[in-house]
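Just below is one structure, and these are the notes that go with it.
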Amino acid sequence: MTFKMKITIKTPPNFNFHRTVLSHGWCALLPFELDKEKWKLVRVLDRGQTKPITIEITATRTGLTINTSRTVGKRAAESIVRDVRHMFRLDDDLTQFYAAMAADSDFAWITDQGAGRLLRSPTVFEDLVKMICTTNCSWALTEKMVTALVNELGEESDDGRKSFPTAETMAKQTAAFYRDKVRAGYRAPYFSELAQRVASGELDVEGWLKLDLPHDSFMKEMKRVKGVGNYAAENLLKLVGRYDGLALDSWTRAQFAQLRNHGRAASDKKILRFYARFNSWRGLALWCDMTRHWLNPENIAKW
DNA sequence: GCGTCCAGGTCTACC
DNA sequence: GGTAGACCTGGACGC
């Protein structure tokens, strides 16, 4: 497609575009699309009352370049910059994290490479819905559910790509829709209930970004959403900037066994003990540790 | 092609 | 508070 307008953003000195884009699976879920040959991340952004806009993000030595699918005014451009800063965690202060990692020879590569910024969606609502789509199923099914949500309910951008549906749009659909069209199975009623709670204002998930609660209370709050258990809540906590939970699932347990326990299964307590020295950063330390090899050339080809 | 089994995380009922 | 079984899909496997 032809891009109409270019916006640039300066990034922090330790920012690593590749590590952030491939920090976890979100770059492979619509409305993100990754061109791994050219290292371009495409994203459709919801613009509220107006048509969604498609942006293409690439990295330069000192910043990000954003090409947009149409020319926009100053306010819209500022809003796009806000969304990109949010998605790439450009305003997260990781100073203490990097200091802790640099002090441990096994983890110093994280500081050296500027890993640890976990890509997120422009809204907590989108991250929450996607997180529920990752529970209790294969990654292929997660992709299928998210693709159906975007294709069935998203709004078209200038280039025909679609945005992620808003809570208001999702609230209008029945559980049968999520079961039959999205193939969400038993999660179907969870989606309609969640969307209705958010759309009505009863549940303010965007407020989680500024919510200052102890870990256990925060977990309790997130688990009030049906379909969110320990794994989903601890992963969501990472996306709002809290890293004290390990978010263990079958994949991370298997990875730990392979990379840190001579191929033998380890108890959750043992995994917790291993990363306990990183205190409130332990969840992020674990995730970086388990995904270090993702940027090896032979692994990039698999994305 | 069909039937069966299994993995995956959360919910609910029960102890 | 802890636990067993149900939930649902898709892939692997055997026939």
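Naming: A, B, ... by sequence-line order, numbering from 1 per chain. Every heavy atom of this structure was used, including side-chain atoms; hydrogens, water molecules and symmetry mates were not.
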(message) Run Ser23(A) and Thr20(A) through side-chain hydrogen bond (donor to acceptor under 3.5 Å, both in side chains) and show every step you take.
(response) CA-CA 5 Å; Ser23(A) 52; Thr20(A) 306; over 6 Å; no

Short heteroatom pairs, N/O only, protein and nucleotides 1-12 of chain C, under 3.5 Å:
residue : atom : partner   : partner atom : Å
dG10(C) : OP1  : Lys144(A) : NZ           : 2.6

(request) Scan side-chain atoms only and decide if Asp244(A) and Ser280(A) contain a donor-acceptor pair under the 3.5 Å cut-off. (result)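 There is no such pair between these side chains.
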
(request) Would you kindly say whether Asn230(A) and Lys223(A) are connected by a side-chain donor-acceptor distance under 3.5 Å? (result)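 Yes, a side-chain donor-acceptor pair sits under 3.5 Å.
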
(request) Step through the shown structure and confirm whether more than 12 heavy atoms of other residues, nucleotides or ligands are within 6.0 Å of CD on Glu78(A). (result)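 Yes, enclosed.
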
State plainly whether the residues [X] and [Y] are in salt-bridge range, i.e. N to O under 4.0 Å.
| X | Y | answer |
| --- | --- | --- |
| Glu156(A) | Lys162(A) | no |
| Lys4(A) | Asp158(A) | no |
| Lys130(A) | Glu126(A) | yes |

(request) May I ask you to establish whether Arg282(A) and Tyr275(A) are in a cation-pi arrangement, using a distance under 6.0 Å from NZ or CZ to the six-membered ring centre and at most 45° from the ring axis? (result)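 Cation-pi check for Arg282(A) and Tyr275(A): fails.
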
(message) Both conditions, 6.0 Å and 45 degrees, for the charged tip of Arg277(A) above the ring of Phe274(A): are they met here?
(response)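 Yes - Arg277(A) lies over the ring of Phe274(A), closer than 6.0 Å to its centre and within 45° of its axis.
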
(request) Identify, residue by residue, the members of residues 214-236 of chain A with a heavy atom below 4.0 Å from DNA chain C, and return them in order of residue number, or none. (result)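 Listed by number, there are none.
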
(request) Identify, residue by residue, the members of residues 251-262 of chain A with a heavy atom below 4.0 Å from DNA chain C, and return them in order of residue number, or none. (result)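 Those residues whose heavy atoms fall under 4.0 Å from DNA chain C, taken from residues 251-262 of chain A, amount to none.
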
(request) Please report the closest heavy-atom contact between Lys238(A) and Arg89(A), naming both atoms and the distance. (result)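 Heavy-atom minimum between the residues: O-NH2, 3.1 Å.
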
(request) Applying salt bridge (Lys or Arg N to Asp or Glu O under 4.0 Å), name anything that partners Arg260(A), two or more places apart in sequence or on another chain. (result)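 For Arg260(A), the residues satisfying salt bridge (Lys or Arg N to Asp or Glu O under 4.0 Å) (neighbours in sequence not counted) are Asp106(A), Asp289(A).
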
(request) Note every stem involving DNA chain B: at least three consecutive Watson-Crick or G-U wobble pairs, i with j then i+1 with j-1, with both distances under 3.5 Å. (result)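 Paired runs of 3+ in DNA chain B: B:1-15 with C:1-15.
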
Please tabulate, one pair per line, all N/O donor-acceptor pairs under 3.5 Å involving side-chain atoms of residues 175-185 of chain A, not counting sequence neighbours.
residue   : atom : partner   : partner atom : Å
Tyr178(A) : OH   : Met170(A) : O            : 2.6

